[in-house]
Each structure stands twice: as structure tokens, then as C-alpha cells.
Amino acid sequence: MSTQIKLHNTRTRRKEAFAPIDPGNVRMYVCGPTVYDRAHLGNARPVIVFDVLYRLLRHVYGADHVNYVRNFTDVDDKINARAAETGRSIREITDETTGWYLQDMAAVGALEPDAMPRATEWVPAMVALIERLIEMGHAYAAEGHVLFAVDSYAKYGALSGRSVDDMIAGARVEVAPYKRNPMDFVLWKPSDDTQPGWESPWGRGRPGWHIECSAMAHELLGESFDIHGGGNDLMFPHHENEIAQSCCAYPNAEFARVWMHNEMLQVEGKKMSKSLGNFFTVRDLLDQGVPGEVIRFVMLSTHYRKPMDWTAEKARQAEDTLRKWRAMTDGVDPGDMSGAALEALADDVNTAGVIAELHRLAGKEDAAGLKATAGLIGLLTDALGEWCSLEADVPTKEFQEKVEAYVTARLAAKSERDFQRADEIRDHLASIGVMLSDGPQGTTWHLDHTNPNLGNWEALK
Ligand code: AMP
Ligand code: ZN
């Protein structure tokens, strides 16, 4: 094997040479979505990042030797609340949301994992795991709940490097009379008649969130596997709790060897999240005409361990670049993949380095190399190419000059306070899919690819 992959391991805080437990069966688990609503753009970041790692592992170890599992959390109080609000059944909501998720992630070029377990289909495995933890003295039942006893696991907090005292101080721990230690977390909780529930040794109830990943990873990947991933907001408490559960139940195994966490997608310096309300969905962007390939390109332009800001300007630049590259590689058979790009990708998934190499290949008009190398990170693929039908979407030089002339005329109208004329020009351009934005650097324009008149350049008067 010629390519040595190196990955930054959250657990050791170092970049390490990656050596799979079994190169014939490289195993990766990534925490998936809670399915009650459309995925927001932040949710797409881990999907795209771990998709690229999946592609790299398949390239290095062979497509049949990689096993990638990503779960669907389809039992959660947010889902129950959504069902109560809308009067729809839980199953209807989770089925619909799961379908949306798969469509939206396919639109940004993510391959489907090898397995996508739904939590509700693995409840017996969770119950068995909880029973095992009770038998081994790591969990206790109290008032219809089962709690994990954090005092029973000396390494609790090691992943995120916090002491239990820090965690108590920093987290909003729920104090409850049945908890021996306020940090103890729920493995099982009782359900009333309106809530989904399963029969268990502790009465009718439902699992806490963390236990599902421990149970499904164990069932599908075994006691020890190679890589566990997710966003860094999951490091504590979710991943800390997964480790406590799995390492206590199987003390002679390793659970996950390498822990990888992507940094957050931000909007104006704050994490994009549903609870902060500063989010937009992947579907919103697709519907506004931002191609999935553009979203993927922008995401991969920043290294996964750095925070990244989504901006419309980045999307516009990415679209320009992809249009040029698609025009250059149209009908070209992929040639040799760039060794420098592969090396960058193997160096802790340095996708920004791969993109720099793509620019270099495009600069020397190596279309065959560009196409092969872009394919390594899932760009310029046939699957993602539909948005860019070249004849219709590439404006001619003459057209660009006309638009520029209108932009100048509109500016002149504005400076003469002839706002009616300025608006007329803006509306006229919009009607054929040319969208203007006024910013500090002046007026820029981009094409709205959902406009059916787009490509009808003659319509521009
Ligand atoms: P959730 O459905 O909130 O549990 O999140 C699903 C996945 O998306 C997890 O891996 C989260 O860490 C990740 N995630 C959530 N918000 C963001 C964000 N703003 N940027 C990057 N990843 C995120
Ligand atoms: Zn998980």
C-alpha cells in the first residue's frame, strides 16, 4: 500500500499514521441526523467531510474493504413534539425527513454509507446493552429510569479533556432526585401513553440518545473499529457518553480508535443551529439555484478542523470555477490522478490542498488530470453535472457586456435619483435570470439557474 493516511485523533490530540485493525474491513461510524426537519447547511458539513474520507479509504483499501455506518436518530423528544404540533404520526414525520435527507445529501454528492440503521429498529440491542451495564455495576435503575453511573468509569471526560467538576460547571446538567451524581446520564426513560415506548425490564419506555450509537456500532461494526466521527459539538456529552457505555460494557476492546470531529459551520461568527434560529436548509439553497456541486466545493475549500463561514460570494466564485472546469473537462476521459492531491488528502483530509492542486492542473490545461483528481473528492462527476448544461448556462461575451452596460446605466439613474428607471433595469435583468446585488464593492451579478428564461440571451433588450 503506497498511500499512508494520517488523521488527527481528538482522543490523543495528535495527527497519527492511520493503521486499520483489519485492512480488509476498514470500519467507520459517523453520528447521523435526528430526523424531524430538513437538514440545515451545517448538518451537511460532516456528511461531506466524512464522504471525502470514505472515498479516500475506498481508494486506498479498495471499495469492498470499507464499511461506513451512519445512523438515523428516529426516537427523540423533538420528533415527539413535532408530531404533537402537526397532528401527524411519528413514523410519517421520520420517514419523510429521512427521504429528504437522503435526497439533499445526494444533491451535494455524498455517497450513501454501507449501512444506515434507524434507532427504532435496534431497541432490543440497546436494552441488552443497558442490562449488561447494570450487571457490571456501571448503571442503575431508579423510578423507571436507568442511569449510567459516571463515577464507575475513571476515564470519563478523557476525550474532551475535562474533569467531571468542569463538566458539571459547564454543562446544563439536569438535576433529578433519582440521580446519584448530577452528571449521571439517562440510558432509558419511562414513556407515557402519548409517547413512543417499548416494553423493557424497567417498564414501558424509550432509550436515551447516547445508547443508540453504542448499540448500533457494536452490532454493525463490532467491539473495536477504526474511526468514529461527527461534529465537534457532539464531543461532549454525546461522544463522551458513547465511550463510557461501550468501554464499560466491553472493557477488553477499544471501541473506536480514531475520533474525528469537524468544526462548525458558522453564520456571522456563531454556530449555525436550529436552536439559535440562524439557519437555512440545504434545500433552501438548492431551490434558490445554488447547485449542489457548488455547496460541496465551498465546504471543501476550508479544512474540516477550521470553522467556516458560508457566504454568497464564496458560492459565486465556486460556481465560476466549476463552470470553467466543467467546460474544460467536457467529454474528456479522466487521466492520471495527481499524486500531490492524493498526498494532500491523505494528510488529515486536506481538501483545501486538493483544491489548490486542481487550480494548478486547470492552469496548465491538464483536463484529463483535472477530471481524475477532482473525482477523488467527488467533484466534476457525472452524478453532479446536471446543473451545468454548457450551451444554455454560459453567458456569451456579448451578453456579459450588455449586462455590464445595464449595471452602469442603473448606477447613473440612481445618482440622478431616477429610482424608477433603476428599478426597471433591475427587474428587467431579473426577468431573464440576471440577479443584481449591491454591496460595499459596488454592484455584482449572478445567474439564477432556476429561471426558465435563463439562456435566452436574445431576450435582453
Ligand atoms: P444533529 O441532527 O443536530 O444531531 O446534527 C447532525 C450532525 O450535524 C452532527 O454530526 C452535528 O455535529 C453536525 N452539525 C450540527 N450543526 C453543525 C454546524 N453548524 N456545522 C457543522 N456540523 C454541524
Ligand atoms: Zn452518536
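In this text the structure is predicted, and so the values were computed from the model without any measurement. Indexing begins at 1, ligand by ligand and atom by atom, following the structure's order.
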- Note on the structure: Here the Zn ion (ligand 2) sees protein N, O or S atoms within less than 2.8 Å, and their number is 4
- Message: Can you confirm whether the side chains of Glu242 and Ser246 place a donor and an acceptor under 3.5 Å from each other?
- Response: no
- Item | Considering all heavy atoms, the nearest Met260-Asp348 contact | CE-OD1, 4.3 Å
- Query: Can you name the residues that come within less than 4.0 Å of ligand 1, going by heavy atoms only?
  - Reply: Cys31, Gly32, Pro33, Thr34, His40, Gly42, Asn43, Arg45, Pro46, Gly230, Gly231, Asp233, Leu234, Asn262, Glu263, Met264, Leu265, Lys271, Met272
- Establish, from distance only, whether the side-chain atoms of Arg206 and Ser191 form a donor-acceptor pair under 3.5 Å. yes
- Around atom CD of Glu219, are there more than 12 heavy atoms of other residues, nucleotides or ligands at under 6.0 Å? yes
- Just wondering, are more than 12 heavy atoms of other shown residues or ligands nearer than 6.0 Å to CD in Glu268? no
- Query: Should Lys324 and Asp320 count as an ion pair when the cut-off is N to O under 4.0 Å?
  - Reply: no
- Task: Give every residue pair that meets the ring pair (Phe, Tyr, Trp, His ring centres under 6.0 Å) criterion with at least one member in residues 81-135, sequence neighbours excluded.
- Result: Phe72-Tyr101
- For His359, ring-ring contact (aromatic ring centres under 6.0 Å, His included) partners two or more places apart: Trp325
- Task: Would you please classify the geometry between the His239 ring and the His228 ring as parallel, tilted or perpendicular, with 30° and 60° separating the classes?
- Result: perpendicular
